[in-house]
Student: 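Before I ask anything, let me first share the structure, which is written out below as structure tokens.
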Amino acid sequence: MDNYFTSRLHRELRETVRDFAEREVRPRIAEMEASRTVHHELSRMIAEQGWLGATISPEYGGMGAGHLAKTIIIEELSRVSGAMGAMVQASQLGTAKIVHFGSDEQRKTWLPAIAAGECLPTIAVTEPDAGGHVLGMSASAVRDGDDYVLNGSKVYVGNSHVGDLHGVVVRTGPGSKGLSAFLVESDRPGFRTGPQQTAMGLHGFSFGELIFENCRVPAANRLGDEGDGLSVAYSSSVLYGRANLTAVSLGIHQAILEETTRFASERIRYGKPLHDLPTVKLKLGQMQSRLMTARLAAYHAVHLLDQGLSCDAELMNAKLVNVESAIDSGRNAMEIHAAAGLFTDRAIERYLRDAHHIFAPAGTSDIQLLRLAEVALGQDKGSWSERLSELVRTPEPEPLPV
């Protein structure tokens, strides 16, 4: 299956990222787990490898390698550290908005910096009182001469405390046509981050609060036209968010299986390895089956995306299958480890904690199922993947439901 979807260049990329992850990321995991805060140094080090430019055209200094390559990068980092895989996937969300909606000047300014690892981008949509209800947001931008003045806050922003450039969707008018997107530099007056809160998992990654208090932004920082904000938000979530989070889940799932088979081989019971017990072997077989199915769903979806083919449903399904199967395999792994899995000297409890963090972003499993039901009933309302398949901005796209 791996050879079916991947080329020699993909396989070489996997080896390169895996070597880096083992050499540079794994030794820092204990530090990240102990501090439970964003790891600035490692985030920058990963960005400097050029991997944030996986889907950026070589015209702007990127790899131009596509979504499958991006998936492999995120997967291999997540196999060692879900936090660092999440850091890259969040940066890719921030990249997407500029690739698809940025002006020529914005692309020339920011894409080379992102590709070179000199800029970590984010996208900020969710608000404390709105959650996944994008149209319920209240953060605002008001035109004032050649500027806009932003007020309000955003939460659960990936790379919040390490990001340099925040793509912020705010309200500029009423209704679905009243949302607009802006690029806000992290050193701009009137912008600040809230205190970083400790979370269950993904230690080393930040997904916190951005606060805007009369933050003045030039009109040239607007992404697209006024009213494009809903399209910026949804396209980033549907095309990049689901694919990227699928890759994080896939990497964690791989780590869960590797750690559990290692434990079952080393632990001796009744004079034989633990995996000789039929109940343990059955669980391992189930985990292997889940992982194979999850990887197939993931690679197939992004392969279609790279081909410019309609794949919204495949991306939904890939996120659903990968998140649910990683969590299910994490539970099986804890059952095999039993009490030994409860202590932090083993990685399995970290993998399970990290896996739960991928459930909600870009739509919970219930959301994916509802949208897939609409596909089955012929009630889906269009395809983001077809309309944004080119690495250029589609002129004034009509908003589609997430």
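FYI, side chains are in, hydrogens and waters are out, and symmetry mates aren't considered; it's all heavy atoms of this structure.
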Student: Scan Arg295, Arg290, Gln288 and name whichever one has a side-chain contact (heavy atoms from CB on, under 4.5 Å) with Met292.
Tutor: Gln288
Student: Calculate, to the nearest 0.5 Å, the distance between atoms CD1 and CG belonging to Ile74 and Leu245 respectively.
Tutor: 8.5 Å
Student: When you compare the side chains of Ser91 and Asn159, does any donor N or O come within less than 3.5 Å of an acceptor on the partner?
Tutor: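 Yes - a donor-acceptor pair under 3.5 Å links their side chains.
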Student: Test your reading of the model: is there a side-chain donor-acceptor pair from Thr261 to the backbone of Glu258, 3.5 Å cut-off?
Tutor: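 A pair under 3.5 Å: yes.
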Student: With a 4.5 Å limit on heavy-atom distance, are the side chains of Glu12 and Arg8 in contact?
Tutor: yes
Student: Between Glu226 and Lys177, does at least one N-O distance fall below 4.0 Å, as a salt bridge requires?
Tutor: no
Student: In plain terms, say whether Glu185 and Arg188 are close enough for a salt bridge, that is, a side-chain N and a carboxylate O under 4.0 Å apart.
Tutor: yes
Student: For Leu304, which of Asp312, Leu315, Leu309 qualifies under side-chain contact (heavy atoms from CB on, under 4.5 Å)?
Tutor: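 In the set Asp312, Leu315, Leu309, the residue that makes a side-chain contact (heavy atoms from CB on, under 4.5 Å) with Leu304 is Leu309.
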Student: Do the rings of His166 and Phe191 sit parallel, tilted or perpendicular, given the 30° and 60° boundaries?
Tutor: tilted
Student: Closer than 3.5 angstrom, by distance alone: can the side chain of Arg346 be matched with the main-chain N or O of Ile348 as a donor-acceptor pair?
Tutor: no
Student: Looking only at side chains, do Glu33 and His203 share a donor and an acceptor under 3.5 Å apart?
Tutor: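 A pair is found: one side chain offers a donor N or O, the other an acceptor, under 3.5 Å apart.
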Student: Check step by step if salt bridge (charged side-chain N to carboxylate O under 4.0 Å, His left out) holds for Arg44 and Asp164.
Tutor: CA-CA 11 Å; Arg44 297 291 172 184; Asp164 303 298; 2.7 Å; yes
Student: Does anything in residues 354-366 pair up under side chain to side chain donor-acceptor pair (under 3.5 Å), and if so which pairs, sequence neighbours excluded?
Tutor: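 Of all non-adjacent pairs touching residues 354-366, those that pass side chain to side chain donor-acceptor pair (under 3.5 Å) are Glu324-Ser365.
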Student: Is there a ring pair (Phe, Tyr, Trp, His ring centres under 6.0 Å) between His67 and Tyr240 once you walk through the steps?
Tutor: CA-CA 9 Å; His67 292 274; Tyr240 284 72; 5.1 Å; yes
Student: Strictly distance-based, threshold 3.5 Å: is any side-chain N or O of Asn151 a donor or acceptor partner for the main-chain N or O of Ser140?
Tutor: no
Student: Quick one: which residue pairs count as a ring-ring contact (aromatic ring centres under 6.0 Å, His included) with a foot in residues 36-65, not counting sequence neighbours?
Tutor: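 Of all non-adjacent pairs touching residues 36-65, those that pass ring-ring contact (aromatic ring centres under 6.0 Å, His included) are Phe20-Trp51.
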Student: Using a strict 4.0 Å threshold on nitrogen-to-oxygen distance, state whether Arg242 and Glu314 make a salt bridge.
Tutor: no
Student: Quick test of your reading of the model: are Glu59 and Arg107 salt-bridged, counting only N-O distances below 4.0 Å?
Tutor: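 No, Glu59 and Arg107 are not salt-bridged.
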Student: Enumerate the residue pairs fulfilling salt bridge (charged side-chain N to carboxylate O under 4.0 Å, His left out) with a member in residues 114-141, sequence neighbours excluded, ordered by first and then second residue.
Tutor: Glu127-Lys154
Student: So, do Ile123 and Val157 sit near enough that their side-chain heavy atoms are less than 4.5 Å apart?
Tutor: no
